[in-house]
Structures are given as structure tokens and as C-alpha cells.
Amino acid sequence: APKWGMPVVLGGAFVILGLHAYLLFAGFRLNGIDFSIFDTMLKADFAQFGYSPICECNHLGIHPMGILLPLIPLHHWFSSPLFLVLLHPLIYFLGVWPLLGLAKHYGFAPFFRLLLVIAYFTNAWGGSVLGYGFHPEVFYLPAGLTLIYGWLKKNRVLWMSALILWLSVK
């Protein structure tokens with residue numbers, strides 16, 4: 001594989017994923033109920049954390065998701081629905097790093113690592129995940145791959161952190 005292959009694929013995927021998410025948002029093609037639940041839930045103050053007027057319930061009472069706690073101050077700082085719209089493909093994109101680590105661990109040649117990254121970004125499951133606007137389940141992918149990578153590398157801090165992240169999604 002040429003040296004420029006991986007940067008071009010990664011850069012192109014990053015731009016395309018972000019643009020795709022933005023265009024879904026701008027074209028009113030997001031799942032309005034699910035996306036709005038998470039957006040309003042994160043905008044609520046700490047006294048009402050988890051409450052969403054969309055479902056008139058505390059959504060965290062239905063689905064406890066500790067992974068959302070660090071997003072509260074970020075969502076208040078970037079007070080726009082675009083924060084979640086663009087965060088979603090970024091989290092999906094981050095799954096490629098542990099995947100590349102696994103490929104290197106198993107001795108994949110650079111050309112096959114490039115093909116693996118292309119397969120990661122073009123698979124049907126990824127496309128269906130990215131069509132939601134924002135769902136915390138997107139954290140499963142980078143957390144799961146990091147968990148496996150950390151376990152194989154015998155890096156206790158890495159795999160335990162990934163396991164905590166994995167378990168805090170739902």
C-alpha cells in the first residue's frame with residue numbers, strides 16, 4: 001500500500017462521516033424523537049438530569065447511561081444540537097484506532113490494514129448506526145475494540161477502562 005493510502009482513507013472517511021451527519025441534520029432526516037430525547041436530556045440542569053420533555057420522563061430511569069455524564073458540561077459549552085450530530089460520527093471514527101492496533105498485533109501487512117479500514121468505514125452496520133443522529137450505543141464499537149486490544153496487549157489499565165466505558169453505555 002502506498003504511504004499516502006492510509007492518511008487519504010482516514011481523512012476522507014473523517015470528512016465524509018461528518019458531512020453525512022451534518023446533511024442528515026440539515027435535511028431533517030434524523031430520528032426526531034430519539035435524537036431530541038438525548039439533546040434535551042443533556043441540556044437539562046443537574047437537578048433535572050435525565051429528564052426529557054420529549055418523552056415526559058427521566059430517560060436515564062429507563063436506560064441508565066453513565067457515559068452521558070461527561071457529555072453534560074461539553075453539551076452546555078457547545079450549546080447546539082450539532083454537538084451531538086457531529087459527536088456521533090467522531091465516536092464511530094475513533095473505533096478505527098483499536099482496530100488498526102489489532103491488525104498490527106495480528107501481523108496484517110499495510111495493504112491489508114488499509115483494506116480493513118476501508119471495510120470498517122463501508123460496512124452496512126456502520127451506515128445504519130450513523131443514520132440515527134446520536135445514540136449512546138455508538139460508544140460500544142470503540143470501547144469493545146479497545147477492550148479486546150488492551151486484553152491482547154495485557155494492558156490492564158486500557159482494557160479495564162474500556163470495560164468500564166462499555167458497561168456505562170446501557
Side-chain angles (χ1 to χ4, degrees), residues 13-102 120-153 155-170:
F14 185 76
V15 169
I16 289 170
L17 291 175
L19 185 61
H20 174 259
Y22 175 75
L23 290 175
L24 285 176
F25 174 75
F28 300 103
R29 303 281 301 169
L30 294 179
N31 183 325
I33 295 172
D34 288 350
F35 177 76
S36 298
I37 287 172
F38 292 112
D39 188 49
T40 57
M41 186 171 86
L42 290 172
K43 283 183 182 174
D45 61 17
F46 285 101
Q48 294 182 346
F49 176 67
Y51 177 79
S52 176
I54 305 300
C55 64
E56 295 182 350
C57 65
N58 186 316
H59 197 63
L60 289 180
I62 299 168
H63 301 292
M65 295 173 272
I67 191 65
L68 296 179
L69 293 174
L71 297 181
I72 296 171
L74 291 173
H75 198 287
H76 281 276
W77 192 29
F78 301 106
S79 186
S80 168
L82 283 176
F83 169 70
L84 292 179
V85 167
L86 297 175
L87 181 66
H88 193 81
L90 175 64
I91 295 165
Y92 180 76
F93 181 82
L94 292 176
V96 79
W97 301 116
L99 183 66
L100 281 171
L102 288 167
Y120 175 81
F121 286 124
T122 59
N123 74 75
W125 181 84
S128 67
V129 165
L130 291 170
Y132 286 107
F134 180 79
H135 267 244
E137 289 85 352
V138 76
F139 283 97
Y140 278 136
L141 191 57
L145 290 170
T146 303
L147 173 64
I148 295 167
Y149 178 73
W151 184 270
L152 289 173
K153 289 296 185 179
N155 184 331
R156 219 177 256 159
V157 172
L158 186 60
W159 75 258
M160 286 181 155
S161 300
L163 179 61
I164 290 168
L165 182 65
W166 173 275
L167 292 174
S168 71
V169 174
K170 266 193 177 177

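For the atom pair Ile67 CD1 and Ile91 CD1, the distance stands at 7.5 Å (nearest 0.5 Å). Here Ile54 contributes atom CD1 and Thr40 contributes atom OG1; the two are 5.0 Å apart, rounded to the nearest 0.5 Å. For the atom pair Ile37 CD1 and Cys55 SG, the distance stands at 4.5 Å (nearest 0.5 Å). Rounded to the nearest 0.5 Å, atoms CG (Leu145) and CH2 (Trp166) are 9.0 Å apart. The line from CZ of Phe25 to NE2 of His20 is 14.5 Å long, rounded to the nearest 0.5 Å. Interatomic distance, Lys170 NZ to His63 NE2, rounded to the nearest 0.5 Å: 4.0 Å.
A heavy-atom distance below 4.5 Å is not found between the side chains of His88 and Leu17. Side-chain contact between Leu71 and Leu87 is present, with heavy atoms from C-beta onward closer than 4.5 Å. Counting only heavy atoms from C-beta outward, the side chains of Asp34 and His135 approach each other to under 4.5 Å. Looking only at side-chain heavy atoms (C-beta outward), Asp39 and His75 come within less than 4.5 Å of each other. Looking at Leu84 and Phe35, their side chains come closer than 4.5 Å, going by heavy atoms from C-beta outward. Contact check for Ile62 versus Leu60: no side-chain heavy atoms found under the 4.5 Å cut-off. In this structure, the side chains of Tyr51 and Glu56 come closer than 4.5 Å at one or more pairs of heavy atoms. The shortest side-chain heavy-atom distance between Phe38 and Leu68 falls under the 4.5 Å cut-off.
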* To do: Decide yes or no on side chain to side chain contact (heavy atoms under 4.5 Å, CB included) for Leu102 and Leu100, but give the supporting numbers first.
  => CA-CA 5 Å; Leu102 288 167; Leu100 281 171; over 6 Å; no

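Pro89 and Ala21 make their closest contact through CG-CB, 3.7 Å (heavy atoms, listed as atom of the first residue, atom of the second, distance). Taking all atoms of both residues into account, the shortest heavy-atom contact from Leu158 to Gly150 is CD2-CA, 3.7 Å. Pairing each heavy atom of Pro142 with each of Thr146, the nearest pair is O-OG1, 2.6 Å. Residues Trp159 and Leu147 come closest through the heavy atom pair O-CD1, 3.2 Å.
A donor-acceptor pair under 3.5 Å links the side-chain atoms of Ser128 to the main chain of Trp125, judged by distance alone. With hydrogens and angles ignored, the 3.5 Å screen pairs a side-chain donor or acceptor of Ser168 with a backbone N or O of Leu165.
By the ring-ring contact (aromatic ring centres under 6.0 Å, His included) test, Phe93 is found to be paired with Phe14, Phe121, residues two or more places apart in sequence or in another chain being considered.
Classification of the Phe78-Phe83 ring pair by plane angle, with boundaries at 30° and 60°, yields parallel.
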